[in-house]
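Each remark here refers to the structure printed beneath this line.
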Amino acid sequence: QVQLVESGGGLVQAGGSLRLSCAASGGSFSRTAVGWFRQAPGKEREFVSAISLSGGSTYYADSVKGRFTISRDTAKNTAYLQMDSLTPEDTAVYYCAARRGIFENIETREYQYQYWGQGTQVTVSS
């Protein structure tokens with residue numbers, strides 16, 4: 001079993017930055033790949049970014065390419081999402097997710113992730 005806890009959300013003005021953290025416990029973080037998803041008010045949850053087991057491969061939704069950066073620190077059992085140039089359209093609850101894996105592939109499908117955090121609110125004002 002793996003437990004995930006997100007932190008780092010908050011209120012920021014348009015054009016600002018935030019860094020979200022995802023702390024893992026209760027399992028082997030090195031054996032999992034990590035993804036970030038978000039859900040805005042009135043919308044379905046959507047894929048944001050993902051990183052492979054070793055951190056060697058990353059992938060981003062078109063809406064955040066060039067603005068967001070995903071990373072992981074296996075020694076600290078933590079994954080991160082650096083968010084720059086934020087806009088009001090980025091306002092959402094952000095969720096960290098993890099999945100078991102053995103290969104360096106990227107997965108964007110929500111149902112392929114077994115472990116989920118509680119979410120952290122990100123609000124971007126105009």
Side-chain angles (χ1 to χ4, degrees):
Q1 298 292 328
V2 176
Q3 291 78 48
L4 305 174
V5 179
E6 302 99 330
S7 62
L11 176 64
V12 65
Q13 292 183 329
S17 300
L18 286 173
R19 188 178 76 158
L20 305 184
S21 297
C22 175
S25 63
S28 179
F29 188 63
S30 64
R31 304 297 187 190
T32 64
V34 175
W36 286 93
F37 297 78
R38 68 185 182 185
Q39 186 168 24
K43 296 184 178 181
E44 296 182 351
R45 188 156 57 191
E46 65 176 350
F47 170 80
V48 175
S49 184
I51 190 168
S52 61
L53 278 70
S54 70
S57 298
T58 60
Y59 187 77
Y60 301 90
D62 289 341
S63 59
V64 305
K65 284 182 179 178
R67 300 188 299 118
F68 289 12
T69 304
I70 189 171
S71 62
R72 65 185 297 161
D73 188 335
T74 302
K76 296 182 178 180
N77 294 327
T78 303
Y80 305 93
L81 184 68
Q82 177 68 43
M83 306 185 295
D84 299 319
S85 301
L86 287 163
T87 73
E89 287 71 37
D90 295 315
T91 294
V93 176
Y94 283 71
Y95 298 90
C96 175
R99 63 180 180 88
R100 298 184 298 274
I102 57 175
F103 302 113
E104 287 291 299
N105 61 302
I106 292 293
E107 179 60 66
T108 64
R109 295 170 293 181
E110 181 176 328
Y111 67 87
Q112 292 286 357
Y113 289 83
Q114 293 84 42
Y115 311 105
W116 291 80
Q118 82 290 346
T120 185
Q121 177 70 46
V122 172
T123 302
V124 184
S125 62
S126 301

### Task
Sequence neighbours left out, what passes salt bridge (Lys or Arg N to Asp or Glu O under 4.0 Å) with E107? Give chain and number order.
R109
[X] (side chain) donor-acceptor with [Y] (main chain) under 3.5 angstrom:
| X | Y | result |
| --- | --- | --- |
| Q1 | G26 | no |
| Q118 | E6 | yes |
| T91 | V124 | yes |
| S21 | Y80 | no |
| T120 | G9 | yes |
| Y60 | I70 | yes |
| R67 | S85 | yes |

Nearest-0.5 Å distance, [atom1] of residue [X] to [atom2] of residue [Y]:
| X | Y | atom1 | atom2 | value |
| --- | --- | --- | --- | --- |
| R72 | T58 | CZ | OG1 | 12.0 Å |
| S57 | N105 | OG | CG | 9.0 Å |
| D90 | T123 | CG | OG1 | 11.0 Å |
| Q39 | E46 | CD | CD | 9.5 Å |

### Query
Quick one: do W36 and V12 end up in the same hydrophobic cluster if we chain Ile, Leu, Val, Met, Phe, Trp and Tyr together by side-chain heavy atoms under 4.5 Å apart?
yes
### Message
Would you say OH of Y115 has more than 12 non-hydrogen atoms from neighbouring residues, nucleotides or ligands within 6.0 angstrom?
### Response
yes
### Task
List the steps, then state whether side chain to side chain contact (heavy atoms under 4.5 Å, CB included) holds for W116 with C96.
CA-CA 6 Å; W116 291 80; C96 175; over 6 Å; no
### Query
Are any of the side-chain heavy atoms of V2 and F29 separated by less than 4.5 Å?
no
### Query
Given side chains that start at C-beta, do those of V122 and L20 come closer than 4.5 Å, heavy atoms only?
yes
### Message
Side chains of S54 and E104 only: does a donor on one sit below 3.5 Å from an acceptor on the other?
### Response
yes
### Query
Knowing that exactly one of R45, R99, R38 qualifies, which makes a salt bridge (charged side-chain N to carboxylate O under 4.0 Å, His left out) with E110?
R45
Do you know which two heavy atoms are closest between [X] and [Y], and how far apart they sit?
| X | Y | answer |
| --- | --- | --- |
| I106 | A50 | CD1-O, 3.9 Å |
| I51 | A33 | O-CB, 3.5 Å |
| T74 | S30 | CG2-CB, 3.8 Å |
| G35 | Y113 | N-CE2, 3.5 Å |
| L18 | G8 | CD2-O, 3.9 Å |

### Task
Sort out for me which residue in Y95, F47, Y111, Y94 forms a ring pair (Phe, Tyr, Trp, His ring centres under 6.0 Å) with F37.
F47
### Query
Can you list the other members of the hydrophobic cluster that holds F103, where links are side-chain heavy atoms under 4.5 angstrom apart?
I102
